[in-house]
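If you read the sequence from its start, that first residue is 1, and numbering goes on from there.
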Amino acid sequence: MPRTQPARLVLSDGTVFSGASFGSPHCVDGEVVFNTGMVGYPEALTDPSYRGQILVCTTPMVGNYGVPRRGLTDRYGIPKHFESDRIQAAALVVADYNDHYSHWSAASSLHDWLAEQNIPAIHGVDTRALTKLLRTQGVMLGRIGESNGPLDDPNKRNLVAEVSCKEVKEYGSGPTTILAVDCGMKANILRSFLKRGVKVRRVPWDHDFTREDWDGLFISNGPGDPQRCGKLTAHLRAAFDLDKPIFGICLGSQIMGLAAGAQTYKLKYGHRSQNQPCTDVETSRCHITSQNHGYAVAEDTMPKDWKVWFVNGNDRTVEGIRHCSKPFRAAQFHPEACPGPTDTAFLFDQFIREASACRA
């Protein structure tokens with residue numbers, strides 16, 4: 001059981017939330033965001049899209065099913081229970097932490113895992129009040145621990161460069177080749193491709209793929225402001241001239257918008273949940289989706305040869321874009337949700353069919 005030393009979350013507007021420390025006791029700064037998912041803290045904490053962020057879980061109890069064994073990989077050689085090989089979030093904030101875990105896959109408590117990776121956390125916080133504040137004021141910088149210095153803003157860094165792979169690596173052996181640009185790609189995205197029998201060439205975020213041979217191009221999710229990915233945007237804009245299938249998810253959707261000539265903007269508090277309704281503009285069919293993003297494409301800046309594909313059922317933000325005549329598509333939500341709804345997993349099938357047809 002972790003020692004219950006007093007701890008504080010201090011926000012940039014001066015608001016203080018008191019609680020008790022667990023995980024690592026050191027001080028950390030980050031952007032404070034909230035996630036409304038009921039389950040999935042191992043996956044959320046290891047999601048590279050949370051890089052530099054202090055994650056607030058709105059579900060009342062966290063830790064009751066522990067954490068799976070680290071280092072396990074699936075048959076593709078990628079993490080079996082996590083979205084990357086380490087915790088990516090800067091810190092964790094919860095209302096009620098339960099150290100007495102019970103689950104068949106659990107190998108340790110959440111506290112032990114956080115301490116192992118030097119990640120601070122605080123429990124006993126009124127997360128309902130904190131979430132209401134973030135919904136009203138918008139995401140803001142915060143600090144867990146005692147320090148008098150200025151708050152460090154992770155958004156001033158190129159977070160994508162921090163989480164992207166450093167070298168090219170290939171997976172699978174199918175006849176169709178998908179070149180996947182890793183901006184912080186979740187493990188389950190890679191798994192979603194491989195289980196469909198394609199070969200994936202995973203490349204760093206700034207890799208020049210315009211002179212390489214591939215059947216389909218994929219731009220992954222990732223953290224931070226998409227406008228910091230200028231090299232990738234330029235490469236993608238050049239790839240449009242090849243008329244080959246291109247698919248983006250999350251940050252990949254924002255990069256697609258920028259490459260097309262649209263603009264992006266920061267959402268007030270973002271979409272981070274497992275139950276966001278998204279409507280297909282053409283069919284009016286509503287899908288329940290999992291999301292984790294803080295930026296979106298501005299609809300009124302879309303060029304005339306592009307159109308909105310999906311919109312959010314809650315606030316009508318753009319959740320997907322597509323070219324009017326070419327096979328370029330992108331979704332702001334996560335079709336590979338793990339955990340979460342898999343209503344839109346068919347988007348992988350659609351993309352691979354188009355890539356395979358291109359190869360033929």
Students often mix this up, so state it plainly: with edges at 30° and 60°, are the rings of His81 and Trp104 parallel, tilted or perpendicular? perpendicular

Could you tell me if Arg70 and Ser108 have a donor-acceptor pair between their side chains, going purely by distance under 3.5 Å? yes

Separation between CG of Leu347 and NE2 of His334, rounded to the nearest 0.5 Å: 12.5 Å

Trace of the salt bridge (charged side-chain N to carboxylate O under 4.0 Å, His left out) decision for Arg143 with Asp29: CA-CA 4 Å; Arg143 170 177 292 153; Asp29 295 353; 2.6 Å; yes

Sub-3.5 Å donor-acceptor pair from the side chain of Tyr41 to the main-chain atoms of Gly66, do we have one? yes

Assess the side chains of His103 and Ser105: does a donor N or O sit below 3.5 Å from an acceptor N or O? yes

Can Lys326 and Asp241 be counted as an ion pair, charged N to O under 4.0 angstrom? no

For a quick check under 3.5 Å, do His287 and Thr289 share a side-chain donor-acceptor pair by atom type? no

Are there more than 12 heavy atoms of other residues, nucleotides or ligands under 6.0 Å from atom CD of Glu299? no

Hey, does Gln227 have a side-chain heavy atom less than 4.5 Å from the side chain of Gln263? no

Looking at Lys307, I want to see if its NZ is surrounded by more than 12 non-hydrogen atoms of other residues, nucleotides or ligands under 6.0 Å. yes

Report, as yes or no, whether the 6.0 Å neighbourhood of atom CE on Met140 holds more than 12 heavy atoms from other residues, nucleotides or ligands. yes

Distance col, row Asp182:CG vs Ser164:OG, nearest 0.5 angstrom, shows 4.5 Å

Indicate yes or no for a side-chain donor-acceptor contact from Thr176 to the backbone of Val198 under 3.5 Å, with no hydrogens or angles considered. no

In terms of hydrophobic clustering (I, L, V, M, F, W, Y; side-chain heavy atoms under 4.5 Å; direct or indirect links), are Val163 and Leu45 co-clustered? no

Check whether any side-chain heavy atom of Ser84 lies under 4.5 Å from a side-chain heavy atom of Thr46, and answer yes or no. yes

To the nearest 0.5 Å, atom CE of Met256 lies from atom CD of Gln332 at 11.5 Å

Considering only heavy atoms from C-beta outward, does the side chain of Asn35 approach that of Leu55 to under 4.5 Å? yes

Can you tell me which residue among Glu336, Gln274, Gln276 is in a side-chain contact (heavy atoms from CB on, under 4.5 Å) with Ser290? Gln274

For a quick check under 3.5 Å, do His271 and Asp315 share a side-chain donor-acceptor pair by atom type? yes

Among Ile, Leu, Val, Met, Phe, Trp and Tyr joined by side-chain contacts under 4.5 Å, find the other residues sharing a cluster with Leu151 and list them by chain and number. Leu141

Are there more than 12 heavy atoms of other residues, nucleotides or ligands under 6.0 Å from atom NZ of Lys166? yes

Determine whether the side chains of Asn292 and Asp47 contain a donor N or O and an acceptor N or O closer than 3.5 Å. yes

Salt bridge check, Lys266 against Glu31: does any charged N sit closer than 4.0 Å to a carboxylate O? yes

Which residues pass the ring pair (Phe, Tyr, Trp, His ring centres under 6.0 Å) test with Phe328, not counting sequence neighbours? Phe240, His323

So His26 and Asn118, do their side chains get closer than 4.5 Å, heavy atoms only? yes

Phe218 and Phe193: aromatic ring centres closer than 6.0 Å? yes

Interatomic distance, Arg285 atom CZ to Thr279 atom OG1 [nearest 0.5 angstrom]: 11.5 Å

Check step by step if side-chain contact (heavy atoms from CB on, under 4.5 Å) holds for Leu133 and Phe17. CA-CA 11 Å; Leu133 177 63; Phe17 288 87; 4.2 Å; yes

Between Arg228 and Asn155, is there a donor-acceptor pair closer than 3.5 Å when you use the side chain of the first and the backbone of the second? yes

Do side-chain atoms of Lys268 reach the backbone of Thr136 as a donor and acceptor pair under 3.5 angstrom? yes

Would you say the side-chain atoms of His235 pair up with the backbone N or O of His207, donor to acceptor, closer than 3.5 Å? yes

For Lys156, does the NZ atom have more than 12 heavy-atom neighbours from other residues, nucleotides or ligands under 6.0 Å away? no

Could you see if Val28 belongs to whatever hydrophobic cluster contains Trp113? Use Ile, Leu, Val, Met, Phe, Trp, Tyr and a side-chain cutoff under 4.5 Å. yes

Measuring from Asn221:CG to Ser253:OG, what's the distance to the nearest 0.5 Å? 12.0 Å

Quick check: is Leu72 connected to Phe82 through a chain of hydrophobic side chains (ILVMFWY, heavy atoms under 4.5 Å apart)? no

Find the distance between CG (Leu242) and CD (Glu212) and round it off to the nearest 0.5 Å. 11.5 Å

Donor on one side chain, acceptor on other, Tyr76 and Arg191, under 3.5 Å: no

